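This structure is a prediction, so every number in the text was calculated from the model and none was measured.
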Amino acid sequence: MIMQISLYFLFGLLFSLPVIAQSTDREVRLKELDRIVAFPEKYEQQKEERIAVLKAERARTVTEADRFEADAKLVEEYKVYIADSALHYVQEQLYLAQKLGDRRLADKARMMLAEVRIITGMYREAQDLLSVAGSPGLSEDLKGYYYHLYNTLYGAMRDYAIGKDLQQEYERLANLYRDSLLMLYPAGSDTQVLVEAEQLISRGRAQEALAILMPYYATLDPDGREMGYTAYSVADAYRSLGDEGKEKEYLTISALSDLKCGVKEYISLRELAVLLYKEEDVARAYAYMKKAMEDAAFCNARLRTIEVSQVLPIVNEAYRLQTERQRRQMTVSLLSISVLAFFLVLLALYLRRQMRRLAQAKRELGKVNEQLRWLNEELQDVNRQLSDSNRRLQETNDSLAEVNYIKEAYIGRFLDLCSMYIGKLDTYRRSLNKKAMNGQTEELFKELRSTQFVDDELEEFYANFDTAFLRLFPDFVTDFNALLADGEEIVLKPGELLNTELRIFALIRLGITDSNKIAQFLRYSLKTIYNYRTKMRNKARGVRDDFEQEVMRIGTF
């Protein structure tokens, strides 16, 4: 039987290892994305360096045709980085093409200008440019670019449109140009794979889309620009299948590629932020959404700015509320710990004072014993009476010695408790610090939201208090009930040393009569403490106003 259980456990562990490894990989990627979102300067500098090289090459061009190609490279770098700069260079291209009188170059420049207009949200102007470029005589080698731009344009207009009918019309037009692209490119080519996958996803055949996407995905350079939009297509397929785990994984890969390549016009990071927000990872979602808004504004990508602005206020408010809640919880925790430490110190001081009183009483009893022994020598005729007195005094002395031992044990217990609490608080602080240093924000927030630590320590503290108090006053419960009217006695539950009422009057017996201090000690409201005290006075056997004075006399010698 034990062997079977062991085998089941081993098989379960083996099957769970891939899941654990996959979860770890996802978290590693998210942490890498966190670092790039927080410190993107390295990759932005690399982008600027590439642009600087291209500008230097452009400055060295001799012919206008060479300058046209140099401008095309700059437009390619700028269009998803700073759209306004891309617009400048594409207008230079159009001027050069018209100056050269080259219809093909002019059409290409118009289409590049249309692409920049699509990014900046100027759809009508883009449509006008494509109408001119697509007039009879369009070069065959530009038709793929032409169909791609119309597909992109109607896809963007679909996302921006208000009303289902209009969205469906733009989706239909986008599908027409997608079909044209599939007819134009040979089967198995990179463009054909991506376009066909997009078409399959739009028709609800995401599993077939993955079947052609994944082999192509496996051939890509992890640091290449193609990785960004290919990983996004894979994530889109998994979204259609309802697999949020895989969608999140490939959105992360796509976002990493976008940021590493210096892309400012993207979708992945925003959609990843929305998924994280749904998972209540609000801090990370807020950081990603804020970065997406900054990049969209930097690039002047209007559609992306609108998309982010629709979600950012919701995430921002959730992040603000979470931060405020965590701050309040931390404040309450620190106040609770401070109050607890204050009462421990107060109790230690009180015990020290009691020890001094006992020592003084012991010295005085010693003097009395000396006087009695002297009287015993002088008064032989009362030897029997003095012997009895000595016996009684010896018993009292033994009782005081026992009480003294109890007091010492009591203060020792609470000093140990103070030391233990300090150690636990330091361990807890180290644990939180370690999680913060390791970037384990999710575990850190979970620890900070939990009140289990404080609740467990309070339960242990009250148990220690009850035990120590009943060692000092073992008959307290019986004596307290004797002060109450018939039928009003307190009956404790099995295993209970003291309940709330008894604990309040135990503090009063120790000299803590201020209701505010009692409320802080027991973590009740002042009104609750007042109601308990009033209720017990109303149950007193004797004069109600003398009840608490009678409680103060319980256990006196």
Enquirer: Are the charged groups of D107 and R103 less than 4.0 angstrom apart, N to O?
Expert: yes
Enquirer: Any side-chain heavy-atom pair from L259 and K291 closer than 4.5 angstrom?
Expert: yes
Enquirer: Using side chain to side chain contact (heavy atoms under 4.5 Å, CB included) as the criterion, list what pairs up with S180, not counting sequence neighbours.
Expert: Y147
Enquirer: Tell me which pairs pass ring-ring contact (aromatic ring centres under 6.0 Å, His included) where either residue lies in residues 37-65, with sequence neighbours left out.
Expert: none
Enquirer: Please report the closest heavy-atom contact between A287 and V37, naming both atoms and the distance.
Expert: O-CG1, 3.9 Å
Enquirer: side-chain contact (heavy atoms from CB on, under 4.5 Å) between R117 and L113: does it pass, once the steps are laid out?
Expert: CA-CA 6 Å; R117 294 298 190 194; L113 181 58; 4.1 Å; yes
Enquirer: If the condition is ring-ring contact (aromatic ring centres under 6.0 Å, His included), which residues does F68 pass it with, not counting sequence neighbours?
Expert: none
Enquirer: Report yes if the side chains of L269 and L33 come closer than 4.5 Å at any heavy-atom pair, otherwise no.
Expert: yes
Enquirer: Which heavy-atom pair separates C299 from I119 by the least distance, and what is that distance?
Expert: SG-CG2, 4.4 Å
Enquirer: Would you give the length of the straight line joining atom CD of Q93 to atom CE of M111, rounded to the nearest 0.5 angstrom?
Expert: 11.0 Å
Enquirer: Would you say CD of E41 has more than 12 non-hydrogen atoms from neighbouring residues, nucleotides or ligands within 6.0 angstrom?
Expert: yes
Enquirer: Which heavy-atom pair separates A174 from N151 by the least distance, and what is that distance?
Expert: O-OD1, 3.2 Å
Enquirer: If you look at every heavy atom in A161 and Q167, which pair is closest and at what distance?
Expert: O-NE2, 3.1 Å
Enquirer: Say you draw a straight line from CG of L272 to CG of L30; how long is it, rounded to the nearest 0.5 Å?
Expert: 6.5 Å
Enquirer: Would you say the rings of Y277 and Y286 are close, in the sense that their centroids are separated by under 6.0 Å?
Expert: no
Enquirer: How would you list, by chain and number, every residue that makes a side-chain hydrogen bond (donor to acceptor under 3.5 Å, both in side chains) with K47, sequence neighbours excluded?
Expert: E77
Enquirer: Let's go through E49 and V53 carefully: what are the C-alpha distance in whole Å and the side-chain angles of both, what is the deciding distance for side-chain contact (heavy atoms from CB on, under 4.5 Å) to 0.1 Å, and is it a yes or a no?
Expert: CA-CA 6 Å; E49 288 171 356; V53 170; 5.7 Å; no
Enquirer: Which heavy atom of A126 sits nearest a heavy atom of A114, and at what distance?
Expert: CB-O, 3.6 Å
Enquirer: Which residue in the set L54, L94, L96, T61 passes side-chain contact (heavy atoms from CB on, under 4.5 Å) when paired with D71?
Expert: L96
Enquirer: How far apart are the closest heavy atoms of D258 and G228, and which atoms are they?
Expert: OD1-CA, 4.0 Å
Enquirer: Tell me whether the count of non-hydrogen atoms from other residues, nucleotides or ligands lying under 6.0 Å of OH in Y95 goes above 12.
Expert: no
Enquirer: Name all residues meeting the ring-ring contact (aromatic ring centres under 6.0 Å, His included) criterion together with Y238; count only those two or more places apart in sequence or in a different chain, and write none if there are none.
Expert: Y250
Enquirer: Would you say the side chain of E64 lies within less than 4.5 Å of the side chain of K99, judging by non-hydrogen atoms?
Expert: yes
Enquirer: Let me see the working for E244 and K248 under salt bridge (charged side-chain N to carboxylate O under 4.0 Å, His left out), right down to the final yes or no.
Expert: CA-CA 6 Å; E244 287 194 358; K248 178 180 172 183; over 6 Å; no
Enquirer: Once salt bridge (charged side-chain N to carboxylate O under 4.0 Å, His left out) is applied, do any residues pair with E208, and if so which ones, sequence neighbours excluded?
Expert: R205
Enquirer: When you look at L74 and I51, which way does the side-chain contact (heavy atoms from CB on, under 4.5 Å) test go after all the steps?
Expert: CA-CA 7 Å; L74 282 166; I51 290 172; 4.2 Å; yes
Enquirer: Does K31 NZ have over 12 foreign heavy atoms under 6.0 Å away?
Expert: yes
Enquirer: In plain terms, say whether R203 and D179 are close enough for a salt bridge, that is, a side-chain N and a carboxylate O under 4.0 Å apart.
Expert: yes
Enquirer: Kindly compute the distance separating CD (E169) from CG (D165), expressed to the nearest 0.5 Å.
Expert: 9.5 Å
Enquirer: Ignoring hydrogens and angles, state whether a donor on the side chain of D34 or Y288 is under 3.5 Å from an acceptor on the partner side chain.
Expert: yes
Enquirer: Is a side-chain donor or acceptor of S268 paired with a backbone partner of T252 at a separation under 3.5 angstrom?
Expert: no
Enquirer: If you apply the rule ring-ring contact (aromatic ring centres under 6.0 Å, His included), what do you find for Y229 with Y266, and how did you get there?
Expert: CA-CA 9 Å; Y229 49 76; Y266 50 70; over 10 Å; no
Enquirer: Nearest 0.5 Å, what's the CD1-CG distance between I267 and D159?
Expert: 7.5 Å
Enquirer: Taking only residues two or more places apart in sequence, or in another chain, which ones meet E140 in a salt bridge (charged side-chain N to carboxylate O under 4.0 Å, His left out)?
Expert: K143
Enquirer: Any chance you could measure E198, atom CD, to N175, atom CG, to the nearest 0.5 Å?
Expert: 8.5 Å
Enquirer: Applying salt bridge (charged side-chain N to carboxylate O under 4.0 Å, His left out), name anything that partners D190, two or more places apart in sequence or on another chain.
Expert: none
Enquirer: Looking at residues at least two apart in the chain, or sitting in another chain, which of them share a ring-ring contact (aromatic ring centres under 6.0 Å, His included) with F343?
Expert: F521
Enquirer: Taking the side chain as every heavy atom from C-beta outward, state whether V116 and Y78 have any pair of such atoms under 4.5 Å apart.
Expert: no
Enquirer: So, using salt bridge (charged side-chain N to carboxylate O under 4.0 Å, His left out) as the criterion, who are the partners of D66 when residues are at least two apart?
Expert: none
Enquirer: Would a 4.5 Å heavy-atom cut-off, applied to side chains only, mark Y89 and R58 as touching?
Expert: yes
Enquirer: What pairs with E32 under side chain to side chain contact (heavy atoms under 4.5 Å, CB included), at least two apart in sequence or on another chain?
Expert: R35, I36, L256, K260
Enquirer: Heavy-atom distance under 4.5 Å between the side chains of E226 and D221, does that happen here?
Expert: no
Enquirer: Are K264 and E44 within salt-bridge range, i.e. N to O under 4.0 Å?
Expert: yes
Enquirer: When you check the gap from the basic side-chain N to the acidic O, do K73 and E69 get nearer than 4.0 Å?
Expert: no
Enquirer: By ring-ring contact (aromatic ring centres under 6.0 Å, His included), which residues pair with Y150, not counting sequence neighbours?
Expert: Y146, Y154, Y177
Enquirer: Assess the residue pair K246 and R26 against the criterion (side-chain contact (heavy atoms from CB on, under 4.5 Å)); give the C-alpha distance rounded to whole Å, side-chain angles, the decisive distance to 0.1 Å, and a yes or no.
Expert: CA-CA 10 Å; K246 286 289 187 180; R26 290 176 185 174; 4.2 Å; yes
Enquirer: Is any side-chain heavy atom of L87 less than 4.5 Å from a side-chain heavy atom of T120?
Expert: no
Enquirer: Give, for atom CD of E247 and atom OG of S254, the distance between the pair rounded to the nearest 0.5 Å.
Expert: 11.5 Å
Enquirer: Find out whether Y81 and V263 are in side-chain contact, i.e. whether some heavy atom of one side chain is under 4.5 Å from a heavy atom of the other.
Expert: no
Enquirer: Is a salt bridge present between E76 and R225, judged by a nitrogen-to-oxygen distance below 4.0 Å?
Expert: no
